[in-house]
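Quick one: the structure is below, questions incoming.
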Amino acid sequence: MEKLFLAAKPGEINAAGGWGWPLAHLAYRVGGGPHLFRANGPVTPQGGLMVIDDAGFSGGGEPEGFCNEVLRECAARRFRGVVCRFLERPAPVLAQAVGKLGELCGGRGLELYVSEGYAGAGGGGRILISTALSGGSLRGRLEEARERYGHDRLALWVERRAEDFLLPSPSGAGSPLTAEELERRRGEYGGDVFFSAELCAHYFTYMAGEKGHFVLFDDVGSIRKKLRLGEELGIRTAFLEYGDLGEDLGELKDRN
């Protein structure tokens, strides 16, 4: 990847910074007003990107004040761009803010990345595409996004996911597993682990009583394959979450 950002929470910044990749600070959220809120903890003032989430945002308000707060924080922290990782249902005021931020960031030489749900808000930002799927084909997903937006506007958000799906799973939603829970299930139920080329992830199945389960998970190998698939399709920017990988970043960096 030409650009590989390591997204880290405030308490992870020092450790994440030692890997040599530029940082994306998971320290901001949009709250009522809307206003910009920052988590307590160290935020390195030298470059990197600020990541803003919308968890719990109730909507409403006007975007101008929020946009000005974002720009002031970028100037104070010397950030080189903004990531609007808004994952809740698109809110009109945030769509307006994304469009306005695109104009303001462009005029100041700042990068802008936005979740796909806000791709139509204008502003010309790059579109974040999650690599986590529970069905379909990751290649097909990325090819569709490339055709819609152009490969030069795409950026991958690569998560190390582990989920347990009760079969059948009509909603396509599984129960998230911690690393410890994943290992416990593998140890308790055994069985072979397979790799899904379509989902670009590992999986295994097991029975608990009369109920079947399908466990889908990532490791360093599947994450590396997702990055390489993105590169193959012309996508040159990706985000990794430090909290997902920790010391496993060494293996990823050695073989990337």
Side-chain cluster (under 4.5 Å, hydrophobic types only) that Leu104 belongs to, other residues: Leu71, Leu110
Under 3.5 Å, which donor-acceptor pairs do the side chains of residues 143-150 form with other protein atoms, sequence neighbours left out?
unit_1: Glu144; atom_1: OE2; unit_2: Arg148; atom_2: NH2; d: 3.2
unit_1: Arg146; atom_1: NH1; unit_2: Leu233; atom_2: O; d: 3.4
unit_1: Tyr149; atom_1: OH; unit_2: Glu116; atom_2: OE2; d: 3.2

Backbone N or O of Ala132 within a donor-acceptor pair of the Ser130 side chain at under 3.5 Å? yes
Stepwise side-chain contact (heavy atoms from CB on, under 4.5 Å) check, Leu166 with Asp164: CA-CA 7 Å; Leu166 182 63; Asp164 188 327; 5.7 Å; no
Using every non-hydrogen atom in the two residues, find where Leu227 and Ala238 come nearest and quote the distance to one decimal. CD2-CB, 3.6 Å
Start with the C-alpha gap between Phe217 and Leu177, add the side-chain angles, then the distance that decides, and say whether side-chain contact (heavy atoms from CB on, under 4.5 Å) holds. CA-CA 9 Å; Phe217 68 96; Leu177 300 175; over 6 Å; no
Side-chain heavy-atom pair Asp192, Phe204 within 4.5 angstrom cut-off: no
Quick one, Val215 and Thr205 - any side-chain contact, counting heavy atoms below 4.5 Å? no
Residues in side-chain contact (heavy atoms from CB on, under 4.5 Å) contact with Thr237, at least two apart in sequence or another chain: Lys3, Phe5, Tyr113, Arg126, Ala155, Phe239
Min side-chain heavy-atom separation Trp157-Glu241 under 4.5 Å: yes
Which atom of Ser222 lies closest to which atom of Ala201, heavy atoms considered: CB-CA, 4.2 Å
Please name all residues satisfying salt bridge (charged side-chain N to carboxylate O under 4.0 Å, His left out) with Glu12, sequence neighbours left out, ordered by chain then number. none
Sorted by chain and residue number, the side-chain contact (heavy atoms from CB on, under 4.5 Å) partners of Phe37 (sequence neighbours excluded) come out as Arg29, His35
Least distance between heavy atoms, Ser134 atom then Leu216 atom: CA-CD2, 4.1 Å
Does a salt bridge link Glu188 with Arg184, judged by any charged N lying under 4.0 Å from a carboxylate O? no
Does some side-chain heavy atom of Cys200 sit less than 4.5 Å from a side-chain heavy atom of Thr131? no
Between Met50 and Arg77, is any pair of side-chain heavy atoms under 4.5 Å apart? no
If you group Ile, Leu, Val, Met, Phe, Trp and Tyr by side-chain heavy-atom gaps below 4.5 Å, do Val51 and Tyr118 land in one group? no
Side chain to side chain, Arg224 and Val220, heavy atoms closer than 4.5 Å: yes
Testing the basics here: between Ser137 and Glu198, what is the closest heavy-atom pair and its distance to 0.1 Å? CB-OE1, 3.1 Å
Heavy atoms, side chains only, cut-off 4.5 Å: are Glu231 and Arg236 in contact? yes
Phe57 and Leu94, any side-chain heavy atoms less than 4.5 Å apart: yes
Report the residues that fulfil side-chain contact (heavy atoms from CB on, under 4.5 Å) with Tyr189, sequence neighbours left out, ordered by chain and then residue number. Arg185, Tyr206, Ala208
Against Asp218, only a single residue in Lys226, Arg160, Arg161, Lys225 fulfils side-chain hydrogen bond (donor to acceptor under 3.5 Å, both in side chains); can you say which? Lys226
